[in-house]
Amino acid sequence: MTGEIDIATSGELAVVLAALLDGAPPAALELDFGGVRFLDSSGILVLLRAQGRAADLGCRLTLADVRPTVHRVLEITGVLELLGLGISAEAADDPTPVRADDPMPARADYPTPAR
């Protein structure tokens, strides 16, 4: 996938995921998020619905090559933990992979808020 998953494009993603899960779904479905630069709440809703449908069908839904900005959105919204939405083993080793074309710093570079 490439570009932005937002209110304008999330419907297309929903249609594609529904088609992949209809009929005889695969045992696992990995979505390549390498080209996804932005994900909003409508995209999150599509992922949550697809994950629920996949789980009902015995299919494991995972995301691969997730950019730090998108990973952070999934993390702070609780989507990663809430539904067990898997990140591929490669991404799990480094939860915030740095891409040359992504200006967001690695998580370790964020300032720590004073308490």
Side-chain angles (χ1 to χ4, degrees):
M1 289 184 236
T2 60
E4 300 179 351
I5 301 175
D6 58 17
I7 191 74
T9 61
S10 61
E12 295 171 41
L13 176 60
V15 169
V16 169
L17 292 175
L20 290 170
L21 293 171
D22 283 348
L29 180 58
E30 182 177 85
L31 306 178
D32 181 353
F33 263 48
V36 177
R37 298 182 314 267
F38 177 79
L39 176 71
D40 77 358
S41 59
S42 61
I44 290 172
L45 181 59
V46 168
L47 290 177
L48 292 175
R49 287 182 176 164
Q51 192 277 341
R53 174 104 168 99
D56 288 347
L57 298 170
C59 173
R60 177 162 168 75
L61 179 66
T62 58
L63 305 179
D65 197 19
V66 180
R67 290 180 180 212
T69 51
V70 173
H71 185 276
R72 184 72 176 135
V73 168
L74 293 170
E75 182 180 49
I76 64 175
T77 57
V79 172
L80 293 178
E81 291 77 21
L82 180 68
L83 294 178
L85 186 61
I87 300 294
S88 68
E90 179 180 300
D93 290 338
D94 181 6
T96 54
V98 176
R99 298 175 58 95
D101 59 346
D102 198 331
M104 186 172 178
R107 227 168 129 213
D109 295 337
Y110 295 155
T112 304
R115 292 189 185 215

Does Leu45, at its CG atom, have more than 12 non-hydrogen atoms belonging to other residues, nucleotides or ligands within less than 6.0 Å?
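Yes, because the 6.0 Å sphere around CG of Leu45 holds more than 12 heavy atoms from other groups.
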So, using salt bridge (charged side-chain N to carboxylate O under 4.0 Å, His left out) as the criterion, who are the partners of Asp56 when residues are at least two apart?
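Partners of Asp56 by the salt bridge (charged side-chain N to carboxylate O under 4.0 Å, His left out) criterion come out as none, since no residue qualifies.
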Can you run down the side-chain hydrogen bond (donor to acceptor under 3.5 Å, both in side chains) pairs that involve residues 31-40, sequence neighbours left out, and say none if there aren't any?
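Residue pairs with at least one partner in residues 31-40: Asp40-Ser42.
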Any residue meeting side chain to side chain contact (heavy atoms under 4.5 Å, CB included) with Leu57, in chain and number order, not counting sequence neighbours
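For Leu57, the residues satisfying side chain to side chain contact (heavy atoms under 4.5 Å, CB included) (neighbours in sequence not counted) are Leu21, Pro25, Arg53.
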List in chain and number order the residues that pass side chain to side chain contact (heavy atoms under 4.5 Å, CB included) with Leu17, two or more places apart in sequence or in another chain; answer none if no residue qualifies.
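Counting only residues at least two positions away or on another chain, Leu17 forms a side chain to side chain contact (heavy atoms under 4.5 Å, CB included) with Leu13, Leu20, Leu29, Leu31, Val46, Ala50.
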With sequence neighbours left out, which residue pairs that include part of residues 6-20 fulfil the salt bridge (Lys or Arg N to Asp or Glu O under 4.0 Å) condition?
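Non-adjacent pairs meeting salt bridge (Lys or Arg N to Asp or Glu O under 4.0 Å): zero.
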Main-chain N/O of Ala27 paired with Arg60 side-chain donor or acceptor, under 3.5 Å:
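No, Arg60 side chain to Ala27 backbone: no donor-acceptor pair under 3.5 Å.
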Only one of Thr2, Asp65, Ile5 clears side-chain contact (heavy atoms from CB on, under 4.5 Å) with Val36; which?
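Testing Val36 for a side-chain contact (heavy atoms from CB on, under 4.5 Å) against Thr2, Asp65, Ile5 leaves exactly one candidate, Ile5.
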[atom1]-[atom2] distance between [X] and [Y], expressed to the nearest 0.5 angstrom:
X	Y	atom1	atom2	result
His71	Ile76	NE2	CD1	11.5 Å
Gln51	Cys59	CD	SG	9.5 Å
Glu30	Thr62	CD	OG1	4.5 Å

Below 4.5 Å, heavy atoms only, C-beta onward: do Leu39 and Leu47 meet side chain to side chain?
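A side-chain contact exists here, since the closest heavy-atom pair is under 4.5 Å.
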Answer yes or no: is there a side-chain heavy-atom contact under 4.5 Å between Met1 and Phe33?
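In contact.
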Shortest non-hydrogen contact from Leu74 toward Thr77
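Heavy atoms only, the tightest pair is O-OG1, 3.2 Å.
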For Phe38 versus Val70, what's the shortest heavy-atom pair and its separation?
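Heavy atoms of Phe38 and Val70 come nearest at N-CG2, 4.0 Å.
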